[in-house]
Amino acid sequence: MDYLLITLIIFIGACLQGITGFGSGLIAVPLLTLLLPLSVITPTLSIINFAMATYLAWMLRHSVQIRQWRWLLLTGVIGTLAGNWLLNHIRLDWLQMGMAIMVITVALLFWFGVQLKHRSTPGLQSVTGLLAGFSNGALTLGGPPVVLFLTGNGLDRLAFRATLTIFFWVLALTNIVSFGVQQRYEAAHVPIVICLLIGAISGAWLGHKISDKLSERLFRKLSLLLVIIAGAIAFAGAWNA
């Protein structure tokens, strides 16, 4: 029964990610903690996120522009490694609350149409990549900064999803290498990984199909709503820490 629930939970989260390009962790992690310890969830989900991002990147391959976002990707890796290292060395609750307030505020401004359009300069990409990567590695809150950055760039839906997908593919690969070096993977995790893979790939497939039926306006509203929810969850988690 636990394996069935694990598969169902990641299916729902992956479906959401297939629609918007992010958000699987927002659904999956809180629910999976009811069944598994975080010490198992974090490394195994990195494998799943990599597999799911690989699948979605293939589906969106004609819209992927790696060279255009190279500074975002490179600094995302650096930020993720820094976040992983700092996780056990600094107090994160105040940082998490401050970041949560920031992303909620910006998302609300975007929601009501107050958007600061900006060019995708190497400097701005680097700042966003470092912030999102650090948030991913230390706070498990990597989505909101890069989502808000891409929203301000005015990308169309396919380019938006493709860029998010390749960004999280790079971050997931970074986490896998990092956890591998730390020897965090065990043979006992194999059945869990199999269940997660089944739910993730099937959910991502369904979400990708659903996304084609959404209007551009509804897609952006859903993306911003997920950012607001993620920020609220992060703030509540830090407040209760």
Side-chain angles (χ1 to χ4, degrees), residues 1-60 80 83-84 87 96 135-144 147 161 164-165 167-211 222-223 225-227 229-234 236-238 240-241:
M1 180 60 71
D2 283 352
Y3 287 148
L4 180 60
L5 289 175
I6 289 171
T7 305
L8 180 60
I9 288 170
I10 195 63
F11 173 83
I12 296 172
C15 185
L16 184 62
Q17 181 140 345
I19 294 172
T20 63
F22 77 108
S24 63
L26 178 64
I27 299 295
V29 173
L31 294 177
L32 287 174
T33 55
L34 301 176
L35 303 170
L36 300 168
L38 274 175
S39 59
V40 173
I41 293 173
T42 305
T44 53
L45 270 186
S46 295
I47 297 174
I48 305 312
N49 289 337
F50 178 76
M52 185 164 51
T54 300
Y55 171 77
L56 289 173
W58 172 255
M59 299 293 287
L60 297 165
T80 296
N84 284 340
L87 184 60
Q96 183 168 329
S135 300
N136 175 74
L139 306 175
T140 64
L141 191 65
V147 169
R161 290 172 60 216
L164 273 180
T165 296
F167 181 76
F168 288 121
W169 183 89
V170 170
L171 265 58
L173 180 59
T174 303
N175 276 333
I176 289 173
V177 173
S178 178
F179 289 134
V181 171
Q182 298 173 46
Q183 298 182 335
R184 297 282 296 276
Y185 294 110
E186 302 175 9
H189 296 163
V190 172
I192 297 172
V193 170
I194 292 174
C195 290
L196 290 171
L197 276 173
I198 293 172
I201 298 301
S202 56
W205 174 84
L206 179 61
H208 180 72
K209 294 297 183 182
I210 293 175
S211 177
L222 179 59
S223 298
L225 180 61
L226 289 178
V227 170
I229 293 172
I233 291 175
N240 295 323

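Predicted, not measured: the structure shown is a model, and the values here were computed from it. Values below: all heavy atoms of this structure, side chains included; hydrogens, waters and symmetry mates excluded.
Nearest heavy-atom pair, Met52 versus Ala200, reported as atom, atom and distance to 0.1 Å: SD-O, 4.0 Å. Closest of all the heavy-atom pairs between Tyr185 and Thr44 is CE2-N, 4.3 Å. Of all heavy-atom pairs between Ala53 and Thr165, the closest is O-CG2, 3.2 Å. Nearest heavy-atom pair, Ser46 versus Ala172, reported as atom, atom and distance to 0.1 Å: O-CB, 3.8 Å.
Judged by distance alone, with hydrogens and angles left aside, the side-chain atoms of Thr7 form a donor-acceptor pair with the main-chain N or O of Tyr3 at under 3.5 Å.
Environment of CD in Gln182: crowded, with over 12 heavy atoms of neighbouring residues, nucleotides or ligands closer than 6.0 Å.
Using a 4.5 Å heavy-atom threshold, the side chains of Leu5 and Leu34 count as separate.
For residues 187-206, no pair satisfies side chain to side chain donor-acceptor pair (under 3.5 Å), with sequence neighbours left out.
Taking OG1 of Thr174 as the reference point, atom CZ of Phe50 lies at 10.0 Å (rounded to 0.5 Å). Interatomic distance, Leu56 CG to Trp169 CH2, rounded to the nearest 0.5 Å: 13.5 Å. Distance CD1/Ile229 to CG/Leu225: 4.0 Å, rounded to 0.5 Å. Remark: Ser211 OG to Leu60 CG distance equals 8.0 Å, nearest 0.5 Å. Summarising the geometry, atom CG belonging to Asp2 is positioned 5.5 Å from atom CG belonging to Leu35; distances are rounded to the nearest 0.5 Å. Taken to the nearest 0.5 Å, the CD1 atom of Ile198 stands 11.5 Å off from the CD1 atom of Ile6.
Leu196 pairs with exactly one of Ile201, Asn49, Ile48 by the side chain to side chain contact (heavy atoms under 4.5 Å, CB included) rule, that one being Ile48.
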Let me have the donor-acceptor pairs involving side chains of residues 8-29, under 3.5 Å, with sequence neighbours excluded, atom names and distances please.
from  : atom 1 : to    : atom 2 : distance (Å)
Gln17 : OE1    : Ser24 : N      : 3.2
Gln17 : OE1    : Ser24 : OG     : 2.7
Thr20 : OG1    : Leu16 : O      : 3.2
Thr20 : OG1    : Phe22 : N      : 3.4
Thr20 : OG1    : Phe22 : O      : 2.7

